[in-house]
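Right, one structure below, let's go through it.
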Amino acid sequence: MRKLLVATSNPHKLSEMRLLLGDLPYEVISLADLDIPMEMPEEDGTTFRDNAYKKASGIYRQVKDTYTDIWVLSDDSGLMVDALGGAPGVYSARYKGIETPEGRLMEILREMEGVPQKRRTARFITAMCLITDFAEVCTLGVVEGYITTEPRGSGGFGYDPIFYYPPLGKTYAEMSPEEKNSISHRGIASRKMKKVLRAFSTGP
């Protein structure tokens, strides 16, 4: 069975990806499953697609000679808040140099103090890129919502407790993993990518 390497060091993201891709005819593995030294490419792109592609292609170049049966899948995701001019955007995982997810989340809420509900619009975006020995494919997932005035829910990770999804009346953090994956930005991008992976599973 061909191996599909998810190029992330984030255990929460890896868990989501394994759940999303688990029914495909691939063995989903992580960077920790490889026994060669690995250097994560710098995420200095100006778009989510730039960063996803840089990670996937950079990791693929490092593993392809040692592991000829591996394809690499990477994503870059983030939150864009309209009232903050699209911030944190591609800096979502390192917003203002704040080290913890909780700290970054609270900084967003602090900056949004006094902003009325109708102006608290935001979106989660995922760009996902697959690198194989014969193709490069990228997909996109976008979900619209609002920023709450305080964290809600104990599930998910990152900014999930402050991202409210109106159709379900919940924040991401108030959803079960299955519920979140059915509507999330990463779920949308993954379902598009799954169509590609299924088509590729029989060969180029």
Side-chain angles (χ1 to χ4, degrees), residues 1-80 88-95 101 104 123-143 156-160 172 177 180-181 183-201 204:
M1 180 180 291
R2 183 176 294 278
K3 293 180 175 64
L4 185 62
L5 172 63
V6 178
T8 182
S9 56
N10 184 323
H12 300 289
K13 186 180 291 188
L14 177 63
S15 178
E16 277 195 1
M17 292 299 294
R18 279 184 162 146
L19 184 61
L20 287 162
L21 303 173
D23 60 340
L24 290 173
Y26 298 88
E27 180 185 354
V28 179
I29 65 173
S30 71
L31 295 170
D33 295 318
L34 304 183
D35 57 2
I36 61 173
M38 195 74 60
E39 181 178 339
M40 286 297 289
E42 186 176 0
E43 296 179 44
D44 57 359
T46 59
T47 68
F48 296 110
R49 186 191 182 283
D50 287 345
N51 285 334
Y53 179 81
K54 283 185 62 126
K55 282 188 285 187
S57 59
I59 293 297
Y60 182 74
R61 285 194 297 270
Q62 295 178 67
V63 304
K64 66 183 179 66
D65 293 332
T66 305
Y67 299 96
T68 58
D69 62 339
I70 284 182
W71 293 347
V72 179
L73 181 67
S74 178
D75 87 319
D76 192 46
S77 304
L79 178 69
M80 299 186 71
V90 294
Y91 303 106
S92 291
R94 52 193 186 278
Y95 190 48
R104 293 188 290 269
R123 62 202 50 80
F124 262 128
I125 299 176
T126 286
M128 192 169 290
C129 289
L130 171 71
I131 306 294
T132 78
D133 52 332
F134 62 88
E136 299 177 351
V137 181
C138 294
T139 62
L140 187 70
V142 181
V143 172
F157 60 96
Y159 298 102
D160 286 0
Y172 268 14
K180 178 185 172 185
N181 286 338
I183 60 90
S184 75
H185 52 301
R186 188 168 293 111
I188 293 170
S190 295
R191 284 188 287 277
K192 293 177 182 178
M193 188 61 76
K194 284 175 77 170
K195 293 180 180 179
V196 175
L197 286 164
R198 282 198 178 97
F200 285 177
S201 65

Student check: side-chain heavy atoms of Ile59 and Met40 closer than 4.5 Å: yes
Expected output: side-chain Lys55 to main-chain Pro41 donor-acceptor under 3.5 Å: no
Thr126 (side chain) donor-acceptor with Ser77 (main chain) under 3.5 angstrom: no
Ser184 vs Phe124 side-chain heavy atoms within contact, under 4.5 Å: no
Sidechain-backbone polar pair: Thr8 side chain, Leu14 backbone, donor-acceptor under 3.5 Å: no
Rounded distance (nearest 0.5 Å) linking atom OG1 of Thr132 with atom CG of Leu197: 9.5 Å
Short side-chain to backbone donor-acceptor contact, Glu16 and His12, under 3.5 Å: no
Side chain proximity check, Met193 to Leu21, heavy atoms < 4.5 angstrom: no
Side-chain touch Glu136/Tyr60, heavy atoms, less than 4.5 angstrom: no
Asp76 vs Arg49 side-chain heavy atoms within contact, under 4.5 Å: no
Arg104 to Tyr95 - nearest heavy-atom pair and separation: CD-N, 3.4 Å
Test side chain to side chain contact (heavy atoms under 4.5 Å, CB included) applied to Arg94 - qualifying residues, sequence neighbours left out: Glu43, Tyr91
Heavy-atom check, side chain of Val28 versus side chain of Met17, under 4.5 Å: no
Indicate every side-chain donor-acceptor pair of residues 63-70 with a distance under 3.5 Å to a residue at least two apart or in another chain.
residue, atom, partner, partner atom, Å
Tyr67, OH, Asp35, N, 3.3
Tyr67, OH, Asp35, OD1, 2.3
Asp69, OD2, Lys3, NZ, 3.4

Backbone of Gly45 reached by a side-chain donor or acceptor of Asn51 within 3.5 Å: yes
Main-chain N/O of Leu140 paired to Lys192 side chain as donor or acceptor, under 3.5 Å: yes
Considering all heavy atoms, the nearest Ala52-Ala127 contact: CB-O, 3.4 Å
Side chain to side chain donor-acceptor pair (under 3.5 Å) involving Tyr26 - partner list, sequence neighbours excluded: none
